[in-house]
Every structure is written in structure tokens, then in C-alpha cells.
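Have a look at the structure below, then the notes.
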8 protein chains.
Amino acid sequence: GFAQIDHHRAWRQGLPEVVYCAGKTVEQSVAILLRQAQVGSGPLMGTRAPRAVYDHLEGRGYDFEYDDEAHLVVLRRGVPEPQGQVLAVSAGTADGPILREAEVTAELMGAKVERLIDVGVAGLHRLLGHLDTLYAARVIIVAAGMDGALPSVIGGLVDVPVIAIPTSVGYGANFAGVAPLLTMLNSCAAGIGVVNIDNGFGAGYLAGLINRGGCP
Amino acid sequence: GFAQIDHHRAWRQGLPEVVYCAGKTVEQSVAILLRQAQVGSGPLMGTRAPRAVYDHLEGRGYDFEYDDEAHLVVLRRGVPEPQGQVLAVSAGTADGPILREAEVTAELMGAKVERLIDVGVAGLHRLLGHLDTLYAARVIIVAAGMDGALPSVIGGLVDVPVIAIPTSVGYGANFAGVAPLLTMLNSCAAGIGVVNIDNGFGAGYLAGLINRGGCP
Amino acid sequence: GFAQIDHHRAWRQGLPEVVYCAGKTVEQSVAILLRQAQVGSGPLMGTRAPRAVYDHLEGRGYDFEYDDEAHLVVLRRGVPEPQGQVLAVSAGTADGPILREAEVTAELMGAKVERLIDVGVAGLHRLLGHLDTLYAARVIIVAAGMDGALPSVIGGLVDVPVIAIPTSVGYGANFAGVAPLLTMLNSCAAGIGVVNIDNGFGAGYLAGLINRGGCP
Amino acid sequence: GFAQIDHHRAWRQGLPEVVYCAGKTVEQSVAILLRQAQVGSGPLMGTRAPRAVYDHLEGRGYDFEYDDEAHLVVLRRGVPEPQGQVLAVSAGTADGPILREAEVTAELMGAKVERLIDVGVAGLHRLLGHLDTLYAARVIIVAAGMDGALPSVIGGLVDVPVIAIPTSVGYGANFAGVAPLLTMLNSCAAGIGVVNIDNGFGAGYLAGLINRGGCP
Amino acid sequence: GFAQIDHHRAWRQGLPEVVYCAGKTVEQSVAILLRQAQVGSGPLMGTRAPRAVYDHLEGRGYDFEYDDEAHLVVLRRGVPEPQGQVLAVSAGTADGPILREAEVTAELMGAKVERLIDVGVAGLHRLLGHLDTLYAARVIIVAAGMDGALPSVIGGLVDVPVIAIPTSVGYGANFAGVAPLLTMLNSCAAGIGVVNIDNGFGAGYLAGLINRGGCP
Amino acid sequence: GFAQIDHHRAWRQGLPEVVYCAGKTVEQSVAILLRQAQVGSGPLMGTRAPRAVYDHLEGRGYDFEYDDEAHLVVLRRGVPEPQGQVLAVSAGTADGPILREAEVTAELMGAKVERLIDVGVAGLHRLLGHLDTLYAARVIIVAAGMDGALPSVIGGLVDVPVIAIPTSVGYGANFAGVAPLLTMLNSCAAGIGVVNIDNGFGAGYLAGLINRGGCP
Amino acid sequence: GFAQIDHHRAWRQGLPEVVYCAGKTVEQSVAILLRQAQVGSGPLMGTRAPRAVYDHLEGRGYDFEYDDEAHLVVLRRGVPEPQGQVLAVSAGTADGPILREAEVTAELMGAKVERLIDVGVAGLHRLLGHLDTLYAARVIIVAAGMDGALPSVIGGLVDVPVIAIPTSVGYGANFAGVAPLLTMLNSCAAGIGVVNIDNGFGAGYLAGLINRGGCP
Amino acid sequence: GFAQIDHHRAWRQGLPEVVYCAGKTVEQSVAILLRQAQVGSGPLMGTRAPRAVYDHLEGRGYDFEYDDEAHLVVLRRGVPEPQGQVLAVSAGTADGPILREAEVTAELMGAKVERLIDVGVAGLHRLLGHLDTLYAARVIIVAAGMDGALPSVIGGLVDVPVIAIPTSVGYGANFAGVAPLLTMLNSCAAGIGVVNIDNGFGAGYLAGLINRGGCP
Ligand SMILES: Nc1ncnc2c1ncn2[C@@H]1O[C@H](COP(=O)(O)O)[C@@H](O)[C@H]1O
Ligand SMILES: Nc1ncnc2c1ncn2[C@@H]1O[C@H](COP(=O)(O)O)[C@@H](O)[C@H]1O
Ligand SMILES: Nc1ncnc2c1ncn2[C@@H]1O[C@H](COP(=O)(O)O)[C@@H](O)[C@H]1O
Ligand SMILES: Nc1ncnc2c1ncn2[C@@H]1O[C@H](COP(=O)(O)O)[C@@H](O)[C@H]1O
Ligand SMILES: [Mg+2]
Ligand SMILES: [Mg+2]
Ligand SMILES: [Mg+2]
Ligand SMILES: [Mg+2]
Ligand SMILES: [Mg+2]
Ligand SMILES: [Mg+2]
Ligand SMILES: [Mg+2]
Ligand SMILES: [Mg+2]
């Protein structure tokens, strides 16, 4: 029977439940998040949520927080003690919201998360001044728009997995993130896994799995 | 100074040296591989190598092997005892050579590698009959062409990292692997990192890092 | 002469007249629908219609209904007794409006329509728990955005025609439905016909033809 | 358990087994086809097979035929009495091989198949001279390259399902079949399901399902 | 010297001056049109002009008209007696504004213009009922969105030049007019010249040249 | 009835019959051309024909010629006295074969054809030294690859129709003619009709219609 | 150490600091510009800045100016005496804002800048009347949308570097600047460097480097 | 008159004549090169020339050389004393032939050329070990395939013009150079001009102009 699968789902309960709020009404997002809060005991997150979602969740009995930069509604509940080391890196400040989404996701999965921001390759000294931080990580998330060159440089410096997030930051022949996406898929450095454009959640989730999964 | 970087490179010596033989003459490939065999003591691999490369390497003092399916020249030297569990999965038999490239790469990085082939989603029972194998893996590599749907299904069944390789298997609106690439980037399941079309080496390398890196 | 064609058109009168309201003013849509209501005796439908179209149609002598989910104005008139079995399936809740457009279209063509929603491949147990429903259908409509993998899985389970609708649900390298469109065109499963992105009407119409046409 | 699925596969035995020979060696194709011939009792087909596959199959105890136009190896065994009516239409002679692949597939599924060839829209009288043939069909397959306009015209004349196959016939801004693919997806006529570029097998299979499936 | 060119410009004075108002402020459009009205004596046109442009031109001493459908400001001045026969055809009513832009342009160049609207190929009898009108034309403009199939059908019926305008009418895999553009470039019928998507002006101008130019 | 259409086809007999030999065997091309030679009395042409087609046609009773540059088999029979003036212009010598296909097509339709070659915009003096030739034409065909800028410059100098042929001459971001195709569709000059990439026949046909059609 | 790089950065201080204000709040832009004004002594620029940024900067102790055409906030401080000759050319008036961004950037880098506007290739006499201006430049910036043909023509007339800026001016198959981008990359004239669509800053910066860099 | 232009062409005689031999027969290439050798006195080059072109040129009275790496036929005649400093950089060895084409072109224009090869960003120490070489250049040419990230890194280190050449080195989602082309157009570093994919000649020519042009 499919009990195997049910069992599997149970085993997975340490992972956060996530609601993608874009394209849902505030009412729908609130209802889903409240129901999840009631039936579960682990962490919760709503991504791409307008502040109104948070406003409606306040005073309903759960300690939701709102992250203004990444537009996240978060309930930090049942999160294990932070362990390992996920490093979250951005090429420019405009990549911040997407990187933040990745960071919070990884944190909810029990990762200790460091950040290194605005270290794009056009000013290499910014990155090279933090080699120790790079070398300390167990997995590195890199968000970059424009030319998307940063994961190639970082991938060549470290020997831990790099999760690359192309962001839609750019204009003209950037095509809303296609340019950095192709750069990352074609990276000369090995050890890089790519997620969809602007998919901070996906990158944080994968980094979280890598960070914890390897240490049974 | 850049000693940090040199130090880093030294620290990295457990990783295999890899020569991409496509677009090199047989002579060039042979020369580079022999030189690497002489200066190093670790494993070596030449990818997309015609058999002639192997023929020229025989009797030169090193135990090179040739993999007919994946067109690999391999020197299994200084490879650590296999540990962990990398599972290599293909949707169809035509994805075999690319998956094999990934497997050998992971093996050279010290991974124990299992395989599960021809389990594409159009015949779901083939996959569902091997749930135990899926659940036993620490990281899963999935190669698929055509619709590229297999990583989405596997990603929904497990909670370990999935490395997805789109292959150029298909025709018409497949666009030599673009269709499965987009499928994998847009996967509904979380925890999936994507590499370039037909990049078996890159997937095996990333899986190898994840398999060993997490267990200090 | 062209009487052959006229004859043909007459024979076709059991099919619904459909007005595509997007890009028409409310006045235009209302006028066309009222005129059709007057000259014909069969079912009518306005797709992608703002509620204002319905508001103007109320109290004009016809029993128009409004479907809030799919933004349809519908006149269920002269619809034959439901027969056969069309199954309408969605991968996610966001595919709902497009699927609903397909369902209503099929219903107006005389089909009995069942639905199975939110059964995307990332949580396979949701689909596999309803195999009986799948096996009972004479034709299956599947709407999916994101990776568009659901028709491949369903097509591998059944041996009736599957009509696949790629939806524009997704972001980044989804390209407003191109990703699932390519997935569906490249499906490993046979027996799948694809319609345009978000073309719920076209899928419902084709399913309606298949459902009734085969049983003379 | 998955017995439901096994049961389902058994129920499906009336359908032909099909081997896609492109990208397989002659030896591989021959071996697979022979094995299928031994274990089953239904019809068999190898698509995109060089004549050498047929040559190796001769004198092995099965009545394989070879279709020179479509490069098919076919074993017409256990095919039910032809019933219903599938009409196979091509816009130009160059679409012939793809259409033929569709026809044979449908025949192996028990369909009676008629054909109407070289009736592209640039010479409309060729099509309009055969309206009776069009009206007699239960399902129509239309293969067209170049502008791919034929399914739109046929779809407007009939009220049975139309399966449209874009072919890679054309040059320049045809992009190997992308132009007719887009034309067909955007058809102004309803009731059209599209398959992948040059996917004659897929169209024939879908037409076969529609032709037989509707009449339990 | 460049007198040759100046001479040429003078010789060209029968052609209308045209201002593309999209992307200009109302003030800029009005100023340019008034200045042209003052210095010249021939016809004038502002395309894609909001009504406010017309409002500001009223009472300034010139008989400007406004075309609500095509958003044109027109000054019919010094237009020669209509001659020849330009036929303007649309596939659907939504192509109307673009076709209208073409018609007015041709009229200002001295063409007699007829129109045949909403005769798309999905209802072929609509077109075939007007063969006489088709045969009477010296040049035919055809505007079509969606599948863009109409020029192929018309081009096969007549032996005068056909100017095809792809319109951005459609959705999904229409890509804002790319689908009909490709259809028209790949037309099986000969004698078709294509202009940019939605370029009614360009089509009308070319038709105007053909209509008058051939009869010195 | 459709006699109207038959009548129409008869009326059209002054136009050349054209066989597209690419993708046909030599035998097929020869057979079709001979049959056309027997049943008709007008001009004939085979495009993209290998010399072998011509070799098989020699000594069969018809005065076929072979054009080595454009790979044309031509039978100049029943061609009216050349009239009007078609000017055929190329940007570079590599555009020659395509331009030649256009020239011969126009000639077979009764046009007097002049040519001006290798006058691309990167050496403007080449074009500006021939303004008289430009001004003498009734219709101008312009073939250009690379940047495809020549029709824009010529279109600004003349006031007769310009038929623009993008050629597949170029490399890199030329995309086999897509770059000049887009340039021509976006031309700043009015009065330009575009045909498919490398479609010399289509351009010559359209120019032939314009050259003769306007003078009843 | 990385002192080499620091040294390098110091050496570069003559170049303007530039803030890309699109996608920043007015407050953020103002804060960054003010801080830069305080810590540095050279020129400053904010690109794509709404007027409100300028309004908030007034009366804060620095002589900021606002450029209404290009939406620039500029502080002309510490700019060296203009030298050399940069010529800024536009094809149409709509390219003005992008060209202006390039001009101001070059000026802040110490260049003397001339301009030649609205000299697109569809009216060649406009350009040819200014050959002296063209020949006087040391480097030429050319901004063009639509067909993007102007750099090809200018590149063929001069033997100084040409910096080509494709602008997003156009519609339909222009694809927001892709058409002129491809034209420029495929230019038949040599000596042309291309920047991103609408990247006036990048072009001005490169022209500034060329204008000054060559004269040590 | 156009004497201005003639004068201009005369003034330009210091620049090399270049023949693009791809798509020309050996005979054509030889004939053109010999004729140019006879009528001129400056340097000559044939790009993408098979060795046979060189073989036919030997013993014809001119000192042609052949470059095996870049497939160039070169006549170094009348080349001024090398001056300035052009630095030619490649990311990988496979970019060598394209870079070589650029180098020779620049040399023929009188530039002193240095080279720095195989310094791609995945091994940053290779580049950072040569900062002095980077800082000594007046203009830098950078050829890179795969991810095309190298110009971004170099552009951030220097303040001289960088000419970026995307090469077609790569596979999968590289799309024959489109990936590095987009990377370079979107570079975060300023001061970068991009040429067409694989256009070594264009880059060398532009670098040659910059190298010499700035120092009158
Ligand atoms: N099949 C492959 N796909 C992608 N990258 C590869 C492959 N094989 C080798 N490589 C990479 O290419 C580098 C070798 O490049 P090369 O210097 O050209 O031999 C290796 O260090 C690997 O990172
Ligand atoms: N010409 C074809 N086009 C598309 N799919 C095909 C074709 N021929 C066979 N197939 C499918 O490919 C499967 C065989 O794949 P394989 O296991 O590689 O032989 C069959 O079950 C069919 O579903
Ligand atoms: N070079 C060409 N490019 C485009 N269309 C052509 C060309 N040569 C012939 N044709 C067209 O193709 C038709 C012949 O197609 P077919 O029946 O395949 O010989 C002719 O009627 C022409 O309209
Ligand atoms: N490898 C190359 N890439 C781009 N353009 C080239 C190349 N080689 C030569 N050219 C250009 O092509 C022109 C020669 O074209 P052609 O008249 O066909 O020989 C030269 O004047 C150069 O401007
Ligand atoms: Mg920054
Ligand atoms: Mg298989
Ligand atoms: Mg859901
Ligand atoms: Mg034909
Ligand atoms: Mg209509
Ligand atoms: Mg030339
Ligand atoms: Mg202008
Ligand atoms: Mg290397």
C-alpha cells in the first residue's frame, strides 16, 4: 500500500510548511496559515506575502513575525538548535530580498546562517577580503542578478556545495534573470546547483537539506 | 597574499582532476592526462573521450580504464574507501551515458554509488517498486530527457538533496534539452538543484561534495 | 455550392456559442451575448468576463449565471442530459480557474464532469489515492503550471485520451506557461493532446467532442 | 498496493508495443523487438528504424514488414478488425513520412484509416473537393509544416476531434517546426489537440484511443 | 552633391507625413502636427494618438478628424481622387484597429479602399462568400492575430500582392503576435509581403505604393 | 460551386510553375518537372536543385538551363516580353545565390530585371553612386544578411515598394538570418515588405506581381 | 596582499560615482548620494532618478542639477577641463534620454561632448550633411532603436571607435531592443563595440575611457 | 559631392584589408587576396581560411604566412612600428583561435600585443598573479566561452577599455555562445564593449583603433 509514502511524510515533519502567497487573496493566505498553525507544531512560513497578511495574523494566538525585506510571514516554532554553517552571499543589494527568503528558509530547517552581502565580482576585493568566511561554510548560497558571475568565482574558491540563485535584477538583455541563469548553468567551476530565477525558498530548502542531511 | 588560495588548492587534492576531451585532439588529451598522471597521485578522468585516447594511454605505465557507455578514460588511483550513498537514477535508457559520467565522477570522489535506471514517470510502477532504494540514499542524481518530469516525482518522495540533470534526449519542441531543463527549474518539489544540459560530470561532482562534505 | 458548409454549420448547433470577453468592453460583451440568447436556443458562454457583464445581463429575461472562479457568464439552456465521463484534474489550486473554464465548456456540450484537484506530482499519494476515479473516465483534462509534469504521470496510468492544458502559473524560467507547455509536448506518455497555455475552453471543447463523438 | 496499476497494465494489452529506434544501435533495436515478439502476442512497431533493423529481423520467425516511407518496422499481429474512421490528412507531400507513422500506429490500435494528402491551404479547392471524406471521419489527424495553417481550416469545417502534428518541413523562420507548432496551438478553430513536432506516433496513438475509446 | 536626394524628397511630397504619437506627450504631438499643417499642403496623420491630441488640435484652423477605433488624428488635405483598389481584410474583429490604421494610410496615398472584416479561416464560408470582392482588388492587406492563417488562404486564391499584418491579438503561446508573424513568413502561398506586428501604417503605406506606383 | 476557383487557377496560368527540389530525390524532381513540361506551355523552374537534376533533364526534349549560382533548373518558355523594371540589390556577394533566385523568378513572370550587387551600408559610397539606378525601378528587391540594414537605407531613398529578403549569411548572434529578419521588420523606412529568410523565390514572385499587376 | 587592488581603486578616483536609482526608494537614493557627496570630492551621478530625488537633495549644501530628459541627478564637481571629442549621435528623438545619459557620463569623465540627433538611416541626407562633425570625433556613441542600423552606416564612414547603444524604442518584433541589439552585434562595419540595451551610462563610461585613456 | 567619402577612404589606408574566407571557395579567396596584394601596399589578412588557401598563395611573389591555430592567412606588409599596448586574454585554451584572430588583427593595425591565456575565473589565482600585466595595458581584449564571466572580473580591476568576445565554447544551455554574450552585455563592471560571438577580427580591429586612435 501507500503507507510507505505516508510514513515518509511523517518522517519529514521537521521541515517547514510553506505557503506561496503571491496570487492568493489575503484572506486565503491567512486562512491557510492559521489552519497550519493549528494542526502542526513545527515552523511555518508564508513567502511573497503583503504586510496585510501579517496584520491579520496578529493577535490570533501565534507568534508570527514579518520580514519587511523579503515579504515573509514567519512562525519560528519547533526549530531545532542551529547547527552546521550555511553562508548566504549576494552580489548586490538588490538581490537582498531573494537572499533573505533563502536564509530564513534554511534557518527554519535548523541551519546556522551567516551572510556576506554586496560582494559582486566587479569589485573583487570585497569578496577576497572574506575568504575565511567562505572557507568556514558547509554549503554556500549565492544570489546574483545582472551577469550572474559570482557563483563561478566562489565555486572556484571553495570545495563545498554552492547553490546558485539567479535573480531578476537587471534590464535590457538581462531578460528578467535569464542572463544570470545561463551564466550559472554554464559555470566553469564545478560543484554548483542552480535553482529557478528568484527562487530563494528553493535554494534555502536545498541548502538546509545539505547542511543537516550529511550528519546523521 | 594569495597563499590562502594556494593553501586552499592544496587542501583540495582529494578531488579528481578532470579533462574535457571534446574539442581537443587525441594527442592533446593524451598529453594532458599523462602529465597529470605523473605530477599527481589522485584519481584522473577524461570525459567525452574517444576510445583512441584510451588506446594511446595503454602501456604507458598507468592503469587507465575505458568506459564505453559514457566515453570516459578513468584512472582509479588514490580513491578513498566508498562511503555514504549516492543514488543515480535515469528516466530512460538513452540517458545512460550521461548518468554514467555522473556516477564515475562521484565514485572518484569517494562515494558509494547505487543506480536505478529506466524508471521514467510514464510507467510509475517502475519507480514505486524501489522506494526502499530511494529512501536509503543520502543524495540522489536524476538524469532525464524528454519531459524531464522524473526529478519532480522523486523530489516529492524523499527529503535528501536531488541533483537534476536535463539530458538532450528528445526531438522537436525538446530543443536539445531545453524542455527538461525548464521542467526541472520549475519543479513543484523542493530540494532540487539543477546542472547544465548533459552535464553528468557537474552533477556527480556536486553529489560527491554533498555525500562527503556533510560528515566532518 | 457552399450549402454543404451551411448544412454542416446547422448540424453543429448543439455546440455552445462562446464569446471571448477579454478585450471587449462590457457593453460589447453584453450586446453580443443578448443577441445570441435571442436568436438561438442552445447554451451560451462568455469567457474571461468581468462580473459587470453578468450584472448587466441580469433581469434581461435569461437565466445567466456567473462563475466567480473562472470569470464565466453561462446560460445553461438546451444542454442534453449529461453522459459519458470527463475527468478534470488540476495540479495546484492556482490552476483552478482555467480548469473550471474547461469543465463548464464540457458540461455545456453534454458531458458528465468529475473533478480531482490539487494532485500535483510533488505529492504523489494525492493522485494515487484516486486511481478508481482516473480509471472511470472516458477522457481526462489535466491543467498544470510550474513544471507541468502531471499529464505525463496520468498518461502513463490510463488508456483514455488526455487533454493537457499548460497554465501560466509560475515565475522565473516558467515564462508564463512555456515551461509546462514544453513539458507536455515532450511527454513520455502517449495519448496526450496539448492545447494553448491557459486555454481551458479549447480543452473542454475537445474533451466534449471526444466524450460524445465516439458513441453514435 | 500497486496491483491496481499492474491490473491496469494488463488491461492495456490491446495497445501496440512501440520501440523508438533513433539513438539505439541496430543490435539494440533488434534485440528489444525480438524479445517483445516472444513475450507478447499483440502488434509491434519500431519507429525511425533504418532498413537494417528489418533486415536482421527477417527469417527470425515473425512476419515483420518494413515501411520505406516512414522508416517503420511493423508486426501486424493480434490487431482487431478495423473499426471507426480515422482520417489522416497532410498539407504537402513532404509531410508524408510523419503522417504515415501516425496512420500505422492508429491501424495497429484497430482503427480503419483513410488518407487525404497534399491538400494544403494555398490551394483550397484541393481540400474543399473532399468535404464528404472530412465529414465521414470520427477523428482527423492533420500533419502540416511550413505555416501549419491546415488544422485551423479543417477544424472550422468539422465537429470531430482534430489531432494536429506540426512537421519540421520548412526553412528560415520555420525553426524546424516551431512556426507550425505555434500556429496550431493558436488555432482559431476549437477542437484541436496538438502533439510534438514530427510526433506521428503520438498523434496516431491519441487518434486510436479516441476512435475506439468512445464506444464501450 | 545631395541635391539628388533633396530632389527626391520634393518628388515625394504626395505622400502623407505621419507622426507616431505613442511615447510623445500630448503637447509634443500637437506641436509637431500643427507645424506640419502649417508648412505643408498635403495630408497629415498622427497614429496611436490619444483623443486629447485631437481635442487640442480642434479650433486651430485645420480640419482634423479623429478615428476612435484606430486612435488616429487625420487631416485629409490634398488627397488625390481615389483610384485603384486596395482591399483591407481582417480575420477577427479584434484586428480592427490595426486594419483601420492601414486603410486610412492607404486612403491618404490616394487609394480607393474596400474592406472585408471578420472572415477568419475557422469559418471559411465567410471568406468564400466574397470571392468577387477578393478578385476585384489590385492589392490586398490582411490583418490577422491568433494563428495568422488567413493570408495563406487568401494568397492561394488571388494573384495580386498580399500585404500581411500579424496582430498582437491572442494569448499564451501567441507571444504577442510572434505566432502569426511566423505563420505569415512561412506561408505556403506565394506573393505575400509581411510587415511588423501591429504595423498597420507600414502595410497601408506599402499597399498605397503598390496601388498607385504601378501605373505611371 | 468551386468553379470560381478553378476559373481562377486557369486565369493564373501566366505564372511559373515552381518545384522546390530540396528534400526531394533527383528522380522525383526530374519526374515532376518533366510532367509539368508536358502538360503546360509556360515557364518552369526547379529551385535548390542539384546539378544532377539538370543532367537528367538534358536531351529530354526541353530547353532547360541550369544556374550554377542559385542552383536553379529553368525552362524559359512562354515568357512575355520583359516590361517594367525590377531592381535586384544585394548587400554582399554571399547574398548572391538568394538574389539570383529572386531575379529569375521575376524574369519568368515577365519582368525586366536590373541588378546592383555588393552595395552594403558599411561602404555607403557604393550605393550612393547608383542613385539613378535606384530611382529608375518600379519595385526593388533587397537581399542582405549580417545586420540586414540595407533595405532601411534604400527604403529611405525611394518611393517604390521594397521587398526585403533576410539571408542566412552571418554567424554568432546572427542566428541563421534572424538578425537581418528582425532588422527588416523593424525598419524605420516605410514601404518595405519582408519575406522569409532566404526566400528568393517568394521575393521574386511578389516583385513580379507588383511589377506587372499595377498596369492593366 | 590585496593592496595592489586598493591602490588601483585609489588611482581610479577621477571616475564618477554612479547610483542606479531605479528600484531604490527616494530616501535610499538621497541617502546614498549625500553620503557620497560628503566622503568624496569628485563628480556624482544618480541615473533613472525621479525628480523627487533631486528635490530632496536641494538645499543640502551641494550643487546638484537635475536633467529632465534623462532623469539624472548630477553633481559636476572636480571635473577636469573638457578635452578630446566624444560625438553622441541618435537615430531618433525617442533615443534622446538614453543618449543624454551617455553624454553626461562622458562629460563627468572629462570629455568634450558634441551631439548630432535624429539622423536615422531612413533619411540619409540628415547624416551625410554632417560628415565634418563625424570626422572630427575621437570616439562616437550611437544610440538607435527600431532597426538599429545607424551604427553600421556610421562605422563605415569613420575610423574611430564606435560605441553602439541599442535602445528599447520600437514595438512588435522589436522585442524591447533585441532587434537593434542583434543588428549592432552583426554590423558589417568593423570598429563597433556594443553595450546592453538602454545602457547609456555604460556607453558614456566606455567612450570616456577611450577619449582620455589614449593620451597619457 | 561624395568626394568627402572617397577622401575618407584614402585616409583609411593604414588599416588592413580583410577577407572572410568562410563560405568562399579556395579559388575565390586566393583570387581576392592576390588582387588585393597587387593593388595595395598595406597588410592583408584572410580569416577562417583553410590551409589550402595558403598553399595556393605560396610562390606567388608575396610573403604570406599561415596561422594554424586561428586559420589565418596573413601578409605582414607596411605595418607600422608596434606601439601602445593591447592585452589579449582568454578564459580557457579552447578560446585560443578566436583570441589569436583578434591579436593578429590588432598587430596589423600597429599595436604591440601581449597575451595572458587560460586565466578563467574558476581559478582566480591564475588571473590575480598577473595584475601588473593587466595594469600595463592601454586596452584589453577578453575572449571567454562557457559562463563568460572573465570580462566582468577584469573590468572591475582596470580602468582602460575592455573589449569582450563571447566564444561559442560550451554545450547545453550555452547555446553556442549566447550564454557568455548575455553575461558580457550584463556585466556589472563598466567600460566594456561587446562584439559578436566568435568575432575575433572585430575585437582586434576595435582594440587597434583605440590603441592608436587616442594618440594623435
Ligand atoms: N563533461 C564535462 N562537462 C562539464 N565540465 C567538464 C566536463 N569534463 C570536464 N569538465 C570541466 O572542465 C575542466 C577541464 O577543462 P579543460 O581545461 O578544457 O580540460 C575540468 O576541470 C572540469 O571542471
Ligand atoms: N516516433 C516516436 N515519437 C515519439 N515517441 C515514440 C516514437 N516511437 C516510440 N515512441 C515512444 O517511445 C517509447 C519507446 O521508448 P524506448 O524505451 O526508448 O524504446 C514507446 O513506448 C513510445 O511511447
Ligand atoms: N526556394 C523556394 N522558397 C520558397 N518556396 C518555394 C521555393 N521554391 C518553390 N517554392 C514553392 O513551393 C511550391 C512547390 O512545392 P512542392 O509541391 O513541394 O514542389 C511552389 O508552388 C512554390 O510556391
Ligand atoms: N572573422 C571575421 N569576423 C567578422 N568579420 C570579418 C571577419 N573576417 C573579415 N571580416 C569582415 O568581412 C569583410 C570581408 O567581407 P567579404 O567582402 O565577404 O570578404 C572585411 O572587410 C571585414 O570587415
Ligand atoms: Mg553594490
Ligand atoms: Mg525506456
Ligand atoms: Mg497545492
Ligand atoms: Mg505540394
Ligand atoms: Mg470573429
Ligand atoms: Mg563584400
Ligand atoms: Mg525622427
Ligand atoms: Mg583550462
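First the proteins, then the strands, lettered A, B, ... as listed; each starts at 1. Worth saying up front: this structure is predicted, and the values here are computed from it rather than measured.
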Legend entry - NZ/NE/NH1/NH2 to OD/OE distance under 4.0 Å, D67(A) and R100(A): yes
Inset, instruction - Flag the one option from A189(H), A179(H), P180(H) with the top tally of heavy-atom pairs under 4.5 Å to chain A. - result: A179(H)
Inset, instruction - May I ask you to name which of V178(A), V121(A), I154(A) has the most heavy-atom pairs under 4.5 Å with chain H? - result: V121(A)
Legend entry - Interface residue of largest heavy-atom contact number with chain A, from L185(H), L150(H), V153(H), under 4.5 Å: V153(H)
Inset, instruction - Begin with the C-alpha distance, continue with both residues' side-chain angles, and end with the deciding distance and a verdict on side-chain contact (heavy atoms from CB on, under 4.5 Å) for R76(A) and L108(A). - result: CA-CA 7 Å; R76(A) 295 179 186 271; L108(A) 295 186; 4.0 Å; yes
Legend entry - Side chain / backbone / both / neither for F175(A) at chain H, heavy atoms under 4.5 Å: side chain
Legend entry - E101(A) bridged to R48(A) by N-O distance under 4.0 Å: yes
Legend entry - D55(A) atom CG, neighbour heavy-atom count above 12 within 6.0 Å: yes
